[in-house]
> 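Here you go, one structure.
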Amino acid sequence: MAGAGAHQRGQILSAISTHATMLVRTRFAPSPTGFLHVGGARTALFNWLFARQQGGQFILRIEDTDQVRSTEQSAAGILQDLRWLGLDWDAGPVVGQGKNEYFQSMRLELYRQHLQELIRQGRAYEAYETPEQLAAMRAEAEKQKRPFRYRRQMAGRAAPGAAQPVLRFEMPWQDLHFKDLILGDIRVAGDEHDDIVIRKSDGFPTYHFAVVVDDHAMGITHVLRAQEHLMNTPKHLALYATFGWPAPQHGHLPLVFNLDGSKMSKRDRTKAARAALQAYARQEQDALFEKLARRAALSPATIRAFMARQNDDAALASKLAACIGCELPEIDVQDFRRSGYLAEALVNFLALLGWSPGGNREILSRREMIEAFSLEQIGRTSGRFDRKKLHWMNGEYIRASSIEQLGAAVDRFNEVTDYPLQHADADTRRQLLAMYQPRMATLVELARNSVFFFQEPVYDAAAVAQHVLQEPGPVVLREIETRLKAVPRWDRENLAPVLEHILALGQKRGAAAQTLRVVVSGGAVSPPLLETLLLLGRDKTLGRIARHLAAIRREPPVPAHGSDLS
RNA sequence: GCCCCCAUCGUCUAGUGGCCUAGGACAUCAGAUUCUCAGUCUGAAUACACCGGUUCGAAUCCGGUUGGGGGUACCA
């Protein structure tokens, strides 16, 4: 509990007026230090939904005050991801046009002026400790089992030295209270605060300072942000109070975690890739990293370094994982896009992670979400990201889409992936979409499963052994060949009865279909044969059959193991 | 350690003192349909963390315990 100002608890900040009559303005303010994380996307979405629901505005601002980690490239990536998600902003950076005033690095003069203002008021002061000195002070405090708080009045502050000083804000000693839009009353005792750094030694403002200046300058009325910012809020409110500005209302969103409760971090991907590589190495033994290196066009040393955790390159992880056919957990928005999720489905899923429209509704259009959205219905408990539910939901969206809509989604998908699908002509693509719509949950499933239409299949040895080489496979296949060769015209009318006949071959209805399916598609799973043969065409179909029959002639008996026709 | 927040099926949640012997969705399991897969349909199993209060009555209100999370940076 607080000392000095305990009796004043709640007085100062709760007295600040709200913006009840003003136009609602929310914002999303990512720092461009990487790709857009799904957690960030959800924060953006909630701000967007609230603004749209209230008939207000949604602002985008890039918080690039960390000179070391911020890059323009990642800012561009974030903009692209937001656009893909369909979260349009009413003010903010313009895609593809460098920096403007919605980048904090372009607003340094504004911060400088306000810093001056605080100095004039005597509320900001220079501090001369080096990071090392501060670390030592914290360590000492911990040793004495007392919390460390940097305050202007404390003993042992460093005298001016060689190092560039930082500017700190003198926090008031009063207990602070505010009403969180989601969590309700939050109280923090006066002696819990540090005098936060507001200008770093490189002259840039810190987040704490820039966020307050900008939210005020941009007329933000409601700040919805992740719960990790909860303890920052009193500091920000103290700044508003000092400037005499009305503060926006704050709401803190519960965090999102992996299913196992761990943080969703980009390093989940490199970790998963490493684990898969390790398992792969165990199973195939010897010099396969060399083999892998050749396949991925990398040096074996790079792979070794990756395995030894000497680098944590996400792109490298993706590449290696692709080489050994391993799926990495999606973390960033673009990961989901590359995995073939539809923006609409991801948005719907994200909306339901922490918000509920009430009742039993699950699938909501954007319009319905906007109409139903309310802060009261946002939960307070952290959520876990269940990819299986997303997967299901994506399937729902795919099945509810028209072929045209799916075509458009495939276009967006093709922009960030590289599958044979992208070479399909319009008509082929239509047919593929119609064929796969009921049996895919993501576009990646379409892209991967339809490869055999574009190139010779990679045959599944076990399937070939079971359905083609093993009797009655060879006999059946010969019969199939004869029948198909006799088809006068390769169209639905002529093919359908032949297929009926094939289904009836052998003792078990449908067994022969598997023989044909494997020969034609490479594996035991494909879309219905009629559609498959129609799209594949006569030449490819008969060609693949002929090649298998030739192989059987070369190796007549049929023990267990596979063929290598690919 | 200290400060703050949170707590309903495995997961996301409905629930705002009686409508709750707790509803939905995903996942799981079983069955049906079927040329494979998927889809679809039917059914099953599974939760109010614990202990005390308040109340005629508590998942819902209060206190504590336990558990989880966040913060404690010249990162945001």
Side-chain angles (χ1 to χ4, degrees), chain A residues 29-33 63-66 68-70 127 129-131 134-135 138 141-142 145-149 163-168 180 182-184 186-189 191-194 196-202 204 206-208 210-211 225-234 252 254-255 257 259 261 263 349 352-363 376-377 379-393 395 399 436-441 445 449 463 467 499-500 502-504 508-514 516-518 521 523-530:
Chain A
S31 66
T33 54
E63 309 220 317
D64 55 347
T65 53
D66 185 335
V68 181
R69 296 194 305 150
S70 298
E129 288 77 12
T130 63
L134 284 169
R138 288 193 185 98
E142 186 167 347
K145 299 195 167 181
R146 103 190 125 71
F148 176 75
R149 306 272 180 256
Q164 278 296 311
V166 300
L167 208 59
R168 285 182 186 265
D180 189 274
I182 293 161
L183 299 172
I186 305 291
R187 297 166 194 285
V188 182
D191 51 8
E192 286 298 325
H193 306 290
D194 273 289
I196 49 170
V197 173
I198 52 180
R199 188 191 66 202
K200 309 181 223 181
S201 54
D202 67 3
F204 268 57
T206 59
Y207 161 73
H208 296 299
V211 78
R225 48 164 42 155
Q227 219 170 93
E228 61 200 6
H229 287 296
L230 185 61
M231 289 296 97
N232 294 332
T233 308
H252 290 90
L255 268 15
F257 298 97
L259 216 44
K263 274 192 195 176
F349 178 78
L352 259 32
L353 198 52
W355 171 71
S356 164
N360 293 332
R361 299 211 275 168
E362 295 281 342
I363 306 284
E376 290 72 41
Q377 287 289 86
R380 282 128 303 172
T381 58
S382 55
R384 295 176 186 221
F385 197 101
D386 186 352
R387 289 188 179 76
K388 284 197 172 146
K389 184 157 183 176
L390 204 214
H391 191 258
W392 161 78
M393 191 173 277
R399 267 164 258 126
Y436 279 95
Q437 182 174 33
R439 68 196 79 250
M440 67 169 163
E445 289 163 25
N449 295 336
H467 297 291
L499 216 51
E500 267 313 306
I502 291 172
L503 287 177
K508 223 175 76 196
R509 181 178 163 83
Q514 281 307 81
L516 179 54
R517 169 168 284 118
V518 171
S521 77
V525 176
S526 86
L529 281 169
L530 182 56

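In what follows, chains are A, B, ... by sequence order, proteins preceding strands, each numbered from 1. What you see is a predicted model, and the numbers here were worked out from it, not measured in a lab.
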> Among the candidates C74(B), C12(B), A27(B), find the nucleotide nearest to the side-chain atoms of Trp392(A).
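Of C74(B), C12(B), A27(B), A27(B) is nearest to the side chain of Trp392(A).
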> With a cut-off of less than 4.0 Å, is there a side-chain N or O of Ser382(A) near OP1 or OP2 of G70(B)?
no
> Apply the test salt bridge (charged side-chain N to carboxylate O under 4.0 Å, His left out) to residues Glu500(A) and Arg509(A): give CA-CA distance (whole Å), side-chain angles for both, the deciding distance (0.1 Å), then the verdict.
CA-CA 10 Å; Glu500(A) 267 313 306; Arg509(A) 181 178 163 83; 3.6 Å; yes
> Examine the base of C35(B) for any acceptor or donor lying under 3.5 Å from a partner atom in the side chain of Arg517(A), and report the outcome as yes or no.
yes
> Please confirm whether the shortest side-chain N or O distance from Arg149(A) to OP1 or OP2 of A73(B) is below 4.0 Å.
no
> When you measure from the side-chain N and O atoms of Lys200(A) to the phosphate of C75(B), is any distance below 4.0 Å, counting only OP1 and OP2?
yes
> When you get a sec, tell me which of C74(B), G10(B), G69(B) is the closest nucleotide to the side chain of Asp386(A)?
G10(B)
> Of the nucleotides U36(B), A7(B), A76(B), which has the atom closest to the Asp66(A) side chain?
A76(B)
> Nearest to the side chain of Ser356(A), heavy atoms from C-beta on, is which of A14(B), G71(B), U36(B)?
A14(B)
> Return the nearest nucleotide to the side chain of Val525(A); candidates are U36(B), U11(B), C74(B).
U36(B)
> Between the side chains of Lys389(A) and Glu362(A), is the shortest nitrogen-to-carboxylate-oxygen separation below 4.0 Å, so that they form an ion pair?
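Yes, this pair counts.
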> Side chain of Asn360(A): nearest nucleotide among C75(B), G23(B), G39(B)?
G23(B)
> Of all the choices, U13(B), U40(B), U36(B), which nucleotide is nearest to the side chain of Arg399(A) once you look at every atom?
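Shortest atom-to-atom distance from the side chain points to U40(B).
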> Do any side-chain nitrogens or oxygens of Gln377(A) fall under 4.0 Å of OP1 or OP2 in G15(B)?
yes
> Would you kindly check whether a donor in the side chain of Lys389(A) faces an acceptor in the base of A25(B), or vice versa, at under 3.5 angstrom?
yes
> Ignoring backbone atoms, test whether Arg509(A) places a side-chain nitrogen or oxygen under 4.0 Å from the OP1 or OP2 oxygen of C35(B).
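Yes, within the criterion.
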> Which atom pair, heavy atoms only, marks the closest approach of Asp64(A) to Pro32(A)?
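Here Asp64(A) and Pro32(A) meet closest at CB-CG, 3.7 Å.
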> Would you say a side-chain N or O of Arg361(A) is under 4.0 Å from OP1 or OP2 of G24(B)?
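So the side chain of Arg361(A) is outside the cut-off, no N or O lying under 4.0 Å from OP1 or OP2 of G24(B).
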> Report the nucleotide, chosen from G23(B), A76(B), C3(B), that has the shortest atom-to-atom distance to any side-chain atom of Thr206(A).
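Given the options G23(B), A76(B), C3(B), the side chain of Thr206(A) is closest to A76(B).
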> For the side chain of Arg380(A), starting at C-beta, report the closest nucleotide among C6(B), C4(B), A38(B).
C6(B)
